[in-house]
Amino acid sequence: MKIIRSVAQLRDAVASLKAEGKSVGLVPTMGALHAGHISLVDRARAENGAVVVSVFVNPTQFNNPTDLQTYPRTEEADCEKLRAAGVDIAFIPTVEEMYPEPDTRVFDLGQVAAVMEGPMRPGHFNGVAQVVSKLFSFVQPDRAYFGEKDFQQIAVIRRMVELEKFPIEIVDCPICREADGLALSSRNVRLTPENRKVAPNIHRVLAESVDKAKTESLPQVKQWVIDTLNSYPQFEVEYYEIVDPLTMQPLSAWNESKNGAPVGCITCYCGDVRLIDNIKYNL
């Protein structure tokens with residue numbers, strides 16, 4: 001595995017892979033890698049001749065400076081995992097390499113970015129679009145891989161791809177969970193032992209709500225999820241929305257979704273750690 005820190009070297013290395021006739025899969029990450037990230041790498045490995053993984057904590061997508069400072073950084077361990085997973089190139093740039101000058105681009109992300117995380121984290125999705133568009137233009141992969149835990153983010157990236165006309169296939173991959181159901185996340189390491197015990201109840205309550213959806217209305221199920229989770233002293237639900245899986249627009253009835261099964265998207269504080277998860281209502 002090559003560890004590359006400059007954009008020029010990255011372009012050269014990818015060009016030689018493509019000269020060998022290899023298709024290229026890209027897995028963009030912010031590091032602190034866990035089994036969820038490695039599942040994306042495995043998928044990319046299975047579907048492409050070569051795999052590039054970026055490890056970069058992108059400052060433009062953080063609207064909370066403390067969150068940026070406390071975001072876990074584990075480069076050495078990350079490289080070991082990537083090597084073991086058979087990655088060809090790990091691209092680990094500095095902020096100065098990614099942003100030699102400030103990125104002032106503002107993307108017209110439309111309705112997919114106007115709900116849920118959009119209002120809660122102003123500027124977050126524009127920052128995601130900035131960094132992912134840069135990675136796409138540096139690597140020009142055939143396919144790029146993203147985890148469904150960040151469900152809304154995938155819709156935003158698809159929108160950015162449409163705007164920028166990148167000829168790249170976006171591949172969304174299922175959420176990976178701990179044995180107790182907690183969605184894998186780099187932020188989980190910040191949970192206190194007590195909060196770590198409680199955190200799996202987010203997924204448990206979402207899973208139970210799928211059964212309730214068979215007999216109850218969408219607003220009733222939505223309220224039940226919020227009330228049930230808020231009844232734990234450790235939890236504070238920031239939002240729970242049940243949305244169309246393509247447009248991300250909130251629904252008021254189960255049959256309103258035009259693009260497949262409704263998806264329930266939750267953001268919930270567990271102590272001071274902000275956790276996200278989602279579930280499909282295949283009714």
Is the backbone of [Y] close enough, under 3.5 Å, to the side chain of [X] for a donor and an acceptor to pair up by distance?
X: N48; Y: V51; answer: no
X: K2; Y: F91; answer: no
X: N126; Y: R105; answer: yes

Qualifying ring pair (Phe, Tyr, Trp, His ring centres under 6.0 Å) pairs, either residue in residues 165-194, two or more places apart =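 Output for this query lists F136-F166.
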Name all pairs fulfilling the salt bridge (charged side-chain N to carboxylate O under 4.0 Å, His left out) condition that reach into residues 65-80, sequence neighbours left out, sorted by first residue then second.
-> R5-E75, D67-R187, D67-R190
Quick check: closest heavy atoms across [X] and [Y], and the distance to 0.1 Å?
X: E148; Y: N278; answer: O-ND2, 2.8 Å
X: S257; Y: L251; answer: CB-CD1, 3.8 Å
X: A32; Y: H37; answer: O-CE1, 3.8 Å
X: P141; Y: I168; answer: O-CG1, 3.3 Å
X: T228; Y: S231; answer: O-OG, 2.5 Å
X: V221; Y: E216; answer: CG2-CB, 3.9 Å

Looking at residues at least two apart in the chain, or sitting in another chain, which of them share a side chain to side chain contact (heavy atoms under 4.5 Å, CB included) with P174?
-> none
Taking only residues two or more places apart in sequence or in another chain, which ones pass side chain to side chain contact (heavy atoms under 4.5 Å, CB included) with N282?
-> A261, K280
Using a distance-only test with no angle check, is there a side-chain donor-acceptor pair under 3.5 angstrom linking [X] and [Y]?
X: E47; Y: Y145; value: yes
X: Y269; Y: Q234; value: no
X: R196; Y: N188; value: no
X: Q220; Y: S217; value: yes
X: E20; Y: S16; value: no

Taking side chain to side chain donor-acceptor pair (under 3.5 Å) as the test, write out the residues that go with [X], two or more places apart.
X: Q111; value: none
X: H203; value: R177
X: Y99; value: N58, T60

Given the rule in the side chain to side chain contact (heavy atoms under 4.5 Å, CB included) test, do V24 and R143 qualify, once you have shown the distances and angles that lead to the verdict?
-> CA-CA 7 Å; V24 175; R143 298 172 194 85; over 6 Å; no
Take V131 and Q61 through the test side chain to side chain contact (heavy atoms under 4.5 Å, CB included) and record every step on the way to the result.
-> CA-CA 8 Å; V131 74; Q61 72 190 66; 3.9 Å; yes
Sequence neighbours excluded, which residues qualify as ring-ring contact (aromatic ring centres under 6.0 Å, His included) partners of [X]?
X: W254; answer: Y281
X: F146; answer: none
X: F235; answer: Y232
X: F138; answer: none

Is the F62 to Y71 ring centre distance short of 6.0 Å?
-> yes
By salt bridge (charged side-chain N to carboxylate O under 4.0 Å, His left out), which residues pair with D142, not counting sequence neighbours?
-> none
Should we count CD of E236 as having more than 12 external heavy atoms under 6.0 Å?
-> no
Going through the distances and angles, do I38 and K81 end up as a side chain to side chain contact (heavy atoms under 4.5 Å, CB included)?
-> CA-CA 8 Å; I38 301 306; K81 287 174 183 162; 4.1 Å; yes
Apply side chain to side chain donor-acceptor pair (under 3.5 Å) to T267 and E117, showing your working.
-> CA-CA 9 Å; T267 294; E117 293 293 275; 3.2 Å; yes
Under 4.5 Å between side-chain heavy atoms, hopping through other hydrophobics if needed: is there a path connecting [X] to [Y]?
X: L275; Y: F151; result: no
X: V95; Y: V128; result: yes
X: L218; Y: V205; result: yes
X: V115; Y: F107; result: yes

Evaluate the criterion side chain to side chain contact (heavy atoms under 4.5 Å, CB included) for residue pair I242 and V225; output intermediate values, then yes/no.
-> CA-CA 11 Å; I242 300 174; V225 168; over 6 Å; no
Point-to-point distance, once rounded to the nearest 0.5 Å, from CG of L184 to CG of L33 |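 The CG atom of L184 sits 12.0 Å away from the CG atom of L33.
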side-chain contact (heavy atoms from CB on, under 4.5 Å) partner of V53, the single match among I89, L26, L82, I92 =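 That would be L82.
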